[in-house]
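The block underneath contains the structure these notes are about, expressed in structure tokens.
Sequential numbering from 1 along the given sequence is applied to the chain's residues.
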Amino acid sequence: MTAFILSSAIAFALYELLALTQWPPARTEFHFYQGTITLTEAAAAIVLKSIRTLIVVVILLLVLTIHNFTSSAGVLAKYEVNIVFGFVFGPLFAIWINSVVVHSAEEDLTRGQIFAAIALVLLFFLGAVGNETSGLIRQYARNLSSLKIAGTELSFTSNERNDRSRLNATGIAGTSATYVAGGSQGLQNVAALDVIVQRDRDYLTKVLAPKGTDVPAGDLERAGEFATASIAPPLSCLLSWFQQTGDSRPVDKYLTGYTDAFRQLEAINTQMNLPTTVDERKMQETRLNEITSDFVRNGLTMALDVALSTTQKDVLEACGKWFEVYCPPDNKPAADKPDSGVPLQQCLRSELKQFADPSVWPKTGKVGERIASLTTGLKEFVTPQGSVDTRGLEMLPYFAIGRASLMAQLGQHEAAAAILDGWLQRRAVENGLAEKQKAFTSNPILKIKDDWFALRVRAMLISYVEEWLGDKETNAASVVQTEHLENLRATRDGFKSRLLKADFFNELDKSCRPKCEPVFRRPAECNSDQPSERLALWRKLYSSYITMEYTYIHRALAHPDYQAKFAESVNDEARRLVNYDLSCGIDQPRPEVIYGQSLLGFVENALSYSRVRAGVDSEDAQIKRLDEAERAAKFGLEIVEAAAAEDQERTGKPYLERIAPSFAVQVQEQLKMQLRRIRQAQKNVAE
């Protein structure tokens, strides 16, 4: 509001200055090239007021524009909407004040003056909350699906994006930080939470810990068992259902139920990790029981909905473990008799009836067993872990990852990012305590675990911010992009510092420091002395690192300060990236495709860097750089061709599988587009 009032006052004063000095002077005749326009005094007065208002607005907008170009801080950018409203409100208010001053005191205000006063009041409120107003308008426009006017309905297809864009996207195994177009990975990640826990356990115990060191993994074992029993079955069922139908509406309904439960668990976790009385602790445990009851009810309702809504074999098989929690397959039909699904539906209905009357407690049968099991498991995680760490459920990163994944799947990427960043902030506070530092000193493996957990959360944060920035409707502020790049840099460096323990990566890293001529190499056979089990883990980590390097380059090129802050360093990094041999990358997606993505980053950088250096480098240097980029693009298209052709062969598959995004095809299409841009740039240099 302060910005609006100040800009209004300046505009008001400037208009009154023009009016008092009678500039431009009042006149009724306006001479043009071959004629004269003569106006009445009333019309001339309106024209004069309009001219003065226009002069004030143009002058002040010019000042604002000059400020935005010359000021690196951009202090006024946050309040631009309020300021522009003020530039308009000030002159209009001055005109109204002047009309009232010259109005006869013995007469009432005219109808026009009254309506003008009402309009000025509305304009004042709009200007006072200008940024909030524009945000509300944008939010309404995004949610608007149709508009009915005089019996005619106008339909807007853009609102379909929220439903269709979250179809399953093809990601990179071993990482969630790959730049690929498509929908959210949120539901996939939370459905595979048990796999993520197991993978972290493998990394910590088999490759990251010093030789001969036993990593305390009891907490990871419990987390994995809990995720396997309680998180993976219902969410895997929901994911399979979504992949089969592509209908996000029922999926979002149940995901919302799970997010409600997760949010309430976060609150009870905080409360139970604070000093409490015996009575308060009993109330908290009762509340925990209520939350798990809602969790079971939501999951059971979903199970019945799926059972009633589909006869697809793949979906029913994926939901089998979840159905068996409540309805064990005691009486399977004979092999020659198809399963009608009626017994399962009847069983699920019977179990769900217990929730019809909330006063009936405790629940019995499989429902009662499920609630008791969940409550026991959650209580074990929520209970404070001694004086060293009081985060309870948040001590491990998986609860935050689960919550953030659900929010990302629902399209709330800002919330997902806030959840993961919140976990990192709480970790920083906890690690600043003397007791925690003492524990790290006495047992360094705890520090290794803690650092890896932070790296896992950072990788997830990258994934969901990438989805957010990849949304065509997102117009993220530069501060968001800057934070994203800082997180990318920290995560990339964290992966690299660990990869240096792998023999093949150590050799690759030594071969190109700090600058080197790019050598384009097709991935071949991996040469390493690592044991096969350890090598498999290193290869996953290596592919994750390479895709993260590309993501950093891709995002730095799009940053508003690319030319001033990133151009030189990113150019060096893009040239180094294509010299990393992908022979020791994972098998799926193919190393050729991941290397094709690296070549894509090299080409994107070459084009951007050429524009930056256009007025500095000689014509020969520009041609050399573009020719090098052309070779990279052609080589990338050559090595991804087979994988892209294989992915495009989808004859006989269901429609949603046929249209699902392909990482190989996306890389191929991007390389083709960049090749066209290179040839246009070459033509421009030649001319």
Side-chain angles (χ1 to χ4, degrees), residues 135 138-139 142-143 159 161-169 171 176-178 180 182-194 196-197 227 230-232 234-239 241-243 247-270 291 294-295 298-299 302 378 391 393-394 396-427 453-454 456-471 473-474 476-477 480 483-484 487:
R138 286 194 298 270
Q139 182 178 353
R142 283 198 298 266
N143 296 328
N159 73 308
R161 181 190 60 81
N162 287 334
D163 292 340
R164 300 298 296 164
S165 68
R166 290 201 297 274
L167 284 175
N168 179 30
S176 55
T178 307
V180 288
S184 177
Q185 297 283 337
L187 184 53
Q188 290 181 336
N189 287 336
V190 74
L193 197 59
D194 56 336
I196 293 174
V197 176
S230 304
I231 304 298
L235 274 301
S236 296
C237 174
L238 198 60
L239 174 62
W241 191 29
F242 180 37
Q243 290 174 329
D247 186 357
S248 69
R249 290 172 298 175
V251 172
D252 286 356
K253 177 178 69 175
Y254 295 115
L255 286 179
T256 301
Y258 283 117
T259 57
D260 290 343
F262 272 58
R263 185 175 60 251
Q264 293 168 16
L265 279 172
E266 181 190 30
I268 200 69
N269 174 71
T270 302
I291 294 171
D294 289 341
F295 192 87
N298 184 64
M302 181 199 77
L378 286 171
R391 286 175 291 173
L393 192 65
E394 296 279 15
L396 297 178
Y398 308 112
F399 178 69
I401 289 173
R403 279 191 68 210
S405 298
L406 292 173
M407 297 308 296
Q409 186 66 35
L410 290 169
Q412 301 294 323
H413 290 91
E414 299 96 322
I419 290 167
L420 295 172
D421 183 73
W423 188 91
L424 291 170
Q425 296 296 330
R426 288 190 293 273
R427 166 187 175 264
F453 290 154
R456 166 63 72 184
V457 171
R458 286 187 178 278
M460 286 291 179
L461 178 57
I462 288 170
S463 175
Y464 296 140
V465 175
E466 270 298 298
E467 291 179 0
W468 182 18
L469 296 177
D471 186 342
E473 294 186 8
T474 296
V480 176
E483 282 224 4
H484 185 46
N487 187 40

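Side chains of I462 and H484 form a contact here, defined as non-hydrogen atoms less than 4.5 Å apart. The shortest side-chain heavy-atom distance between Q409 and F242 falls under the 4.5 Å cut-off. Side-chain atoms of D294 and I291, non-hydrogen and from C-beta on, never get closer than 4.5 Å to each other.
Of the possible polar contacts, one joining the N487 side chain to the R458 backbone as a donor-acceptor pair under 3.5 Å is found. In terms of modelled atom types and a separation under 3.5 Å, the side chain of E467 and the main chain of Q185 share a donor-acceptor contact. Without hydrogens or angle criteria, N298 side chain to Y254 main chain gives a donor-acceptor distance under 3.5 Å.
Atoms CG and CD, on L420 and Q425 in that order, are 12.0 Å from each other to the nearest 0.5 Å. Atom CD1 of I419 is separated from atom CG of L424 by 12.5 Å, given to the nearest 0.5 angstrom. Here CE of M460 is found 4.0 Å from CG of N189. Values are rounded to the nearest 0.5 Å. Interatomic distance, E483 CD to L461 CG, rounded to the nearest 0.5 Å: 8.5 Å. For the atom pair CG (L193) and OG (S230), the distance works out to 11.0 Å, reported to the nearest 0.5 Å. Here the CZ atom belonging to F262 is positioned 4.0 Å from the CD1 atom belonging to I231, to the nearest 0.5 angstrom.
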Q: Go through the steps to decide whether L239 and L235 satisfy the test side-chain contact (heavy atoms from CB on, under 4.5 Å), and finish with yes or no.
A: CA-CA 6 Å; L239 174 62; L235 274 301; over 6 Å; no
Q) Can you list the steps and then say if Q412 with T259 is a side-chain contact (heavy atoms from CB on, under 4.5 Å)? A) CA-CA 11 Å; Q412 301 294 323; T259 57; over 6 Å; no
Q. Would K253 and M302 satisfy side-chain contact (heavy atoms from CB on, under 4.5 Å), going step by step from the backbone distance to the final call?
A. CA-CA 9 Å; K253 177 178 69 175; M302 181 199 77; over 6 Å; no
Q: Starting from the C-alpha separation in whole Å, work towards a yes-or-no answer on side-chain contact (heavy atoms from CB on, under 4.5 Å) for L255 and V190.
A: CA-CA 11 Å; L255 286 179; V190 74; 5.6 Å; no
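The number of heavy-atom neighbours closer than 6.0 Å to CD of E266, taken from other residues, nucleotides and ligands shown, is above 12.
Between S236 and A191, the shortest heavy-atom distance links the atoms OG-O, 3.5 Å. Of all non-hydrogen atoms in L265 and I268, the two that sit nearest each other are O-CG2, 3.2 Å. Closest non-hydrogen pair, A454 versus W423, comes out as CA-CZ3, 3.9 Å. Listed here is the closest heavy atom pair of A408 and A416: N-CB, 4.0 Å. What you find for Y464 and S405 is that their closest heavy atoms are OH-OG, 2.7 Å. In this structure, G299 and Y258 approach most closely via the heavy-atom pair CA-OH, 3.4 Å.
Scanning for side-chain contact (heavy atoms from CB on, under 4.5 Å) contacts around A192 gives V195, with sequence neighbours left out.
Aromatic ring pairs are classed by plane angle as parallel below 30°, tilted from 30° to 60° and perpendicular above 60°; the pair Y398 and F453 is perpendicular.
Listed by first and then second residue, the salt bridge (Lys or Arg N to Asp or Glu O under 4.0 Å) pairs that reach into residues 407-417 come to none, sequence neighbours excluded.
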